[in-house]
Amino acid sequence: AAAQDVEPLMSKCAGEHNETDDEMIAACTSLIALPQLDARQRSLAYSYRASGYQGKNDLERALADANEAIKVDASSSRAFYRRGDVYKNLHQDERALTDFNESIRLDPKVPVYFVDRSNIYLDLKQFDPAIRELDEALRLDPADEINAMVNRCNVLTFKGDFDAALSDCRKAIQMHPRESYPLSGLGFLYYKWGKLDESIATYDAALAAPDWASYDPYERAYPLYGRGLAKSKKWDKAGGEADMAAAIAIAKSIAFDFE
């Protein structure tokens, strides 16, 4: 294979043109087989393929590829970030935190690394460190390409600071109109606040958003499970259980995100 074969394959492997997970995995597999890749390219191909496996909820293969990405290039912040993200999906928080620390040490200018590290602090119920991470992500990315604002709304919701959370969620929806993810954050805030009608209506809007179907399994399951909780609390037990069962069928450990 000639050098020019690498670029179009790398673009497909990275999912730059809305490739499906299977298309990404196939392109990455072809790429990894090319003898002329340098260490950086080969590590990237393993990282991207790990991401494809994550999208299919095949976390065992995702972890194996992320390990390989680090083995091939231990200076790659992206490889450590990818493995940390897989550990996060596996709810191995301490391991995820170690990898995110390393990815940030290697490259402290990537906003999404701080968002993911904040998720670990949130899992550990360390709300103030989680908020500091998101403040840094927003400083690095004021346009909020990576949804740090709705993540901060979520942390403030868990902290019980509902007014500040509402302000962040509204800002996030303004910055990302017609996107499902910020609406899910607002739905959860209303649920924790005891505003169940608003919560269900907002989750309905999140599930009807045009981009919902393109999300990974975890993010698709999130508003379904949240709506199920809100319906159950409003005495619609059958509707609530149906939503939660549908969410668990998409992503079996989704309940962790609501605890």
Side-chain angles (χ1 to χ4, degrees), residues 1-120 137 140-141 145-148 181 211 213-220 250-251 253:
Q4 64 262 32
D5 295 344
V6 171
E7 220 161 283
L9 272 177
M10 186 63 88
S11 166
K12 267 192 171 158
C13 167
E16 283 172 5
H17 309 287
N18 290 329
E19 282 82 1
T20 65
D21 295 319
D22 285 322
E23 286 165 349
M24 282 170 68
I25 289 165
C28 295
T29 302
S30 304
L31 201 52
I32 287 163
L34 296 181
Q36 77 270 27
L37 289 195
D38 62 26
R40 190 191 67 83
Q41 292 169 317
R42 195 174 299 280
S43 175
L44 265 180
Y46 277 116
S47 284
Y48 289 137
R49 193 169 71 175
S51 175
Y53 283 131
Q54 270 181 291
K56 289 168 69 72
N57 241 353
D58 187 345
L59 298 179
E60 209 172 304
R61 279 188 177 146
L63 184 58
D65 272 356
N67 281 329
E68 203 56 40
I70 291 169
K71 202 190 295 178
V72 171
D73 181 7
S75 69
S76 167
S77 67
R78 192 186 297 246
F80 281 99
Y81 167 72
R82 179 53 49 208
R83 190 173 70 179
D85 202 52
V86 177
Y87 280 138
K88 186 183 78 162
N89 288 165
L90 290 164
H91 300 288
Q92 296 183 21
D93 286 339
E94 298 300 340
R95 284 178 168 177
L97 190 56
T98 301
D99 278 349
F100 291 148
N101 289 344
E102 184 61 11
S103 67
I104 288 167
R105 189 187 71 77
L106 289 163
D107 188 350
K109 298 254 185 302
V110 183
V112 73
Y113 296 175
F114 291 94
V115 173
D116 256 22
R117 192 163 70 175
S118 82
N119 286 329
I120 301 302
L140 290 166
D141 171 32
E145 293 294 322
I146 45 146
N147 280 308
Y181 192 58
D211 66 339
S214 69
Y215 284 2
D216 71 23
Y218 220 74
E219 288 171 337
R220 282 205 314 280
I250 299 171
S253 62

Does the side chain of Thr98 come within less than 4.5 Å of Arg95's, by heavy atoms?
no
To the nearest 0.5 Å, tell me how far Asp211 CG sits from Glu219 CD.
9.5 Å
Nearest non-hydrogen partners of Ser43 and Ala69, listed with the distance:
OG-O, 2.8 Å
Polar side chain donor-acceptor pair, Arg40 to Ser76, under 3.5 angstrom
no
Quick note, disulfide bond (SG atoms under 2.5 Å apart) partners involving residues 9-70, not counting sequence neighbours, are Cys13-Cys28
Side chains of His91 and Ser253: closer than 4.5 Å at any heavy-atom pair?
yes
Please round to the nearest 0.5 Å and tell me the distance separating atom CG of Asn89 and atom CG of Asn57.
7.5 Å
Find out whether Val112 and Tyr81 are in side-chain contact, i.e. whether some heavy atom of one side chain is under 4.5 Å from a heavy atom of the other.
yes
Assess whether a salt bridge exists between Lys56 and Asp21, defined as any Lys/Arg side-chain N lying under 4.0 Å from an Asp/Glu carboxylate O.
no
Interatomic distance, Arg49 atom CZ to Ser30 atom OG [nearest 0.5 angstrom]:
10.0 Å
What is the distance from atom CZ of Phe100 to atom CG of Asn119, rounded to the nearest 0.5 Å?
7.5 Å
Closest non-hydrogen atoms of Phe114 and Pro108, given as atom of the first, atom of the second and distance, are CE1-O, 3.5 Å
Between CG of Asp5 and CG of Leu34, what distance do you get to the nearest 0.5 Å?
6.5 Å
Shortest non-hydrogen separation from Leu140 to Pro111 and the atoms involved
CB-CG, 3.9 Å
Using atom types as modelled and distance alone, determine if a side-chain donor or acceptor of Thr29 lies under 3.5 Å from a backbone N or O of Ile25.
yes
Between the CD atom in Glu145 and the CG atom in Asn147, the distance rounded to the nearest 0.5 Å is 9.5 Å
Only one of Glu68, Arg42, Arg83, Arg82 passes side chain to side chain contact (heavy atoms under 4.5 Å, CB included) with Ser47; say which it is.
Arg82
Could you check Asp116, Asp93, Asp99 and say which one makes a salt bridge (charged side-chain N to carboxylate O under 4.0 Å, His left out) with Lys88?
Asp116
Can you see which heavy atom on Leu90 is nearest to which on Leu59, and at what distance?
CD2-CD1, 3.7 Å
Identify the two heavy atoms, one from Lys12 and one from Ala27, that lie closest to each other, and give their separation to 0.1 Å.
CB-CB, 3.6 Å
Given side chains that start at C-beta, do those of Gln54 and Asp216 come closer than 4.5 Å, heavy atoms only?
no
May I ask you to decide if the ring planes of Tyr181 and Tyr215 are parallel, tilted or perpendicular, using 30° and 60° as cut-offs?
perpendicular
Side-chain heavy-atom pair Tyr48, Arg78 within 4.5 angstrom cut-off:
yes
Smallest heavy-atom separation, Pro217 atom then Ile250 atom, equals O-CG2, 3.3 Å
